[in-house]
Chemist: 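Structure below; questions to follow.
Whatever order the structure lists them in is the order used to number ligands and atoms, beginning at 1.
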Amino acid sequence: MKDHIETLCVQAGYRPATGESRIPPIVQSTTFFYGDSQAMADLFDLKREGFFYSRLANPTVDALEKRIAALEGGACGIGCASGMSAVLLTAMTLCQAGDNIVTASEIYGGTFNLFSTTLPKFGISSRFFDVDASAEELEALIDERTKFVFAETIANPAVAVADLEKISAVCKKNGVLFIVDNTLATPVLCRPLAWGADIVIHSTSKYMDGHAAALGGMIVDGGTFAYKDNARYPSFNAPDESYHGLVYADLPVAFGTKCRAQMMRDTGAVMSPQNAFYTLLGSDTLALRMERHSRNAEKIAAFLCAHPKIEWVRYASLPDDRYHALAEKYLPDGTGGMMSFGIRGDVKACARFMEHLRIATQETHVADVRSCVLHPASTTHRQLTDEQLIAAGIAPNLVRLSVGIENADDLIADLEQALAAV
Ligand code: PLP
């Protein structure tokens, strides 16, 4: 019997034994006791499961890893210090100097920087495709040194929806991994593994926690990709001398084991037990919250569309949005709380609007219970001229809105009075 997502949000990942705490305790310990040296040796040989040092595994983090793996329908999760460290660890597990990544250009700015600026310094290059590119255009970018293709289910901040089946078909044809950042959709709205992705990444700092209380990242390995004898992945098929000759392709969960045993060991970019605990608490209500975020955002998008001071609105649930058909296919229950819109007027008009908001606050953040706004042209991208802003795909009048779980009528009244001030 398979449980539904609402049940998994609350129940998956931890089951106490008699007399143990009902919710996962915070195991605030770097290390774990063993009275028997053979038992410890077996842990190091991966012959038995258990905890020996919290850089590699910790019971509280383990509960969250199991929960998010269950939500995504994957084989295992790896808790990371942040969403960015999840992306970095994934790339490090797969790539070495001379390899390349094929990635949608419509991705989170931090990931874009990592792929376009930082990884090239280590000899790993990136090739960018428009998320709307045809299968042929995408395939033309893949060569024998491509280690993975990357996209976001719902792109931050472009709010574009990736055609997961199309991208996955190209990946399968070429025997290359397809990796999806599912942060803004969450497994409540879309499960990319079911659409052909091989690995899913989350910044748990967003909806998964939902309270803006804890930074974190998660990598979920689907566990089904065939690395064995795949010439594209020599590091999975040759013995790892740093791990007494282990051949990862021979293991049931090849990527997840390599990522933890090799890269988490070497980088230590691990999630803390405290942050895992907060994220577990937050994820209990993920299904409820995603429903409310989506319903609120639908009402607000409709309100903004009809407002004379609004030039355009981008939100995939709107019937005339360019990603509506893809949203209906991949996100039938809603597209979450993130949208962007253009105010009729200049940068000053946008600033005036935002200063008059009473509920939504200005923040460099998205996807938590509180509504927040950001005007990239006057904040994150303020050094750019109008021409440069347009070249970067950011209209000077673009406002990004992350709709929270407050009362939708209150949010609309707040937007209305702030627009009146423009
Ligand atoms: N992926 C997406 C889609 C994001 O929106 C973010 C952060 O906003 C990240 C990754 C990076 O996550 P973190 O801030 O937890 O490092």
Side-chain angles (χ1 to χ4, degrees), residues 61 64-65 68 72 77-92 101 103-119 126 131 148 150-162 164 179-190 192 197 199-220 267-272 274-276 278-279 282-283 286 290 293 316 323 330-331 335-340 362-368 370 372-374 376 379-381 393-394 400-404:
V61 181
L64 182 67
E65 291 171 341
I68 298 180
E72 289 288 4
I78 295 152
C80 305
S82 64
M84 283 317 302
S85 58
V87 181
L88 175 64
L89 273 178
T90 301
M92 288 178 73
I101 297 164
T103 173
S105 0
E106 294 82 353
I107 51 175
Y108 168 61
T111 311
F112 188 89
N113 284 338
L114 174 69
F115 289 168
S116 65
T117 309
T118 304
L119 289 181
S126 293
V131 74
F148 63 92
F150 184 89
E152 292 177 4
T153 318
I154 302 174
N156 178 14
V159 284
V161 178
L164 302 178
I179 302 185
V180 175
D181 181 330
N182 199 33
T183 298
L184 290 189
T186 82
V188 171
L189 300 179
C190 179
I199 293 167
V200 171
I201 290 176
H202 281 277
S203 163
T204 60
S205 331
K206 305 293 177 306
Y207 287 126
M208 197 62 77
D209 160 37
H211 301 81
L215 271 184
M218 188 64 65
I219 306 168
V220 176
T267 63
V270 71
M271 183 183 281
S272 72
Q274 192 86 32
N275 279 355
Y278 292 136
T279 310
S283 64
L286 183 67
M290 292 316 291
H293 282 292
Y323 294 104
Y330 296 113
L331 302 141
T335 60
M338 263 270 298
M339 68 179 70
S340 63
Q362 295 191 50
E363 279 168 44
T364 317
H365 193 248
V366 291
D368 71 75
R370 282 161 285 270
C372 61
V373 284
L374 183 78
T379 55
T380 48
H381 296 68
I394 295 164
R400 183 178 78 182
L401 172 64
S402 173
V403 177

Chemist: So, for T204 and G217, which heavy atoms are closest and what is the spacing to 0.1 Å?
Modeler: OG1-N, 3.4 Å

Chemist: Mark yes or no for whether S402, through its side chain, and A367, through its backbone, hold a donor-acceptor pair below 3.5 Å.
Modeler: yes

Chemist: Would you confirm whether E152, through its side chain, and Y108, through its main-chain N or O, come within 3.5 Å as a donor-acceptor pair?
Modeler: yes

Chemist: Looking only at heavy atoms, which two atoms of R400 and P157 are closest? And how far apart?
Modeler: CD-CB, 3.8 Å

Chemist: Any chance you could lay out the ring pair (Phe, Tyr, Trp, His ring centres under 6.0 Å) test for H293 and Y207, step after step, and finish with the verdict?
Modeler: CA-CA 10 Å; H293 282 292; Y207 287 126; 4.7 Å; yes

Chemist: Starting from atom 5 (O) of ligand 1, find the nearest protein heavy-atom neighbour and note its residue, name and distance.
Modeler: N156 ND2, 2.8 Å

Chemist: Any N/O of G83 closer than 3.5 Å to an N/O of ligand 1?
Modeler: yes

Chemist: Side chain, backbone, both or neither: which part of E152 has a heavy atom under 4.0 Å from ligand 1?
Modeler: side chain

Chemist: Which residue holds the protein heavy atom closest to atom 15 (O) of ligand 1, what is that atom called, and what is the gap in Å?
Modeler: S205 OG, 2.6 Å

Chemist: I need the nearest protein heavy-atom contact for atom 11 (C) of ligand 1: residue, atom name and distance, please.
Modeler: Y108 CE2, 3.5 Å

Chemist: Check whether any heavy atom of S85 sits under 4.0 Å from an atom of ligand 1.
Modeler: no

Chemist: What protein heavy atom lies closest to atom 16 (O) of ligand 1? Include the residue and the distance to one decimal.
Modeler: M84 N, 2.9 Å

Chemist: Taking the side chain as C-beta and beyond, is there a heavy-atom pair between H202 and I68 under 4.5 Å?
Modeler: yes

Chemist: Is there a polar contact between ligand 1 and D181, counting only N or O atoms under 3.5 Å apart?
Modeler: yes

Chemist: Quick one about D209 and T279 (side-chain donor to acceptor, distance below 3.5 Å, no hydrogens or angles considered), yes or no?
Modeler: no

Chemist: On a heavy-atom basis, which atom in S283 and which in L64 lie closest, and how many Å separate them?
Modeler: OG-CD1, 4.4 Å

Chemist: Within the 4.0 Å heavy-atom shell around G216, which atoms of ligand 1 are there?
Modeler: 15 (O)

Chemist: Looking only at distances, please establish whether an N/O atom of ligand 1 is found under 3.5 Å from an N/O atom of L215.
Modeler: no

Chemist: K206 versus ligand 1: do any nitrogen or oxygen atoms come within less than 3.5 Å of each other?
Modeler: yes

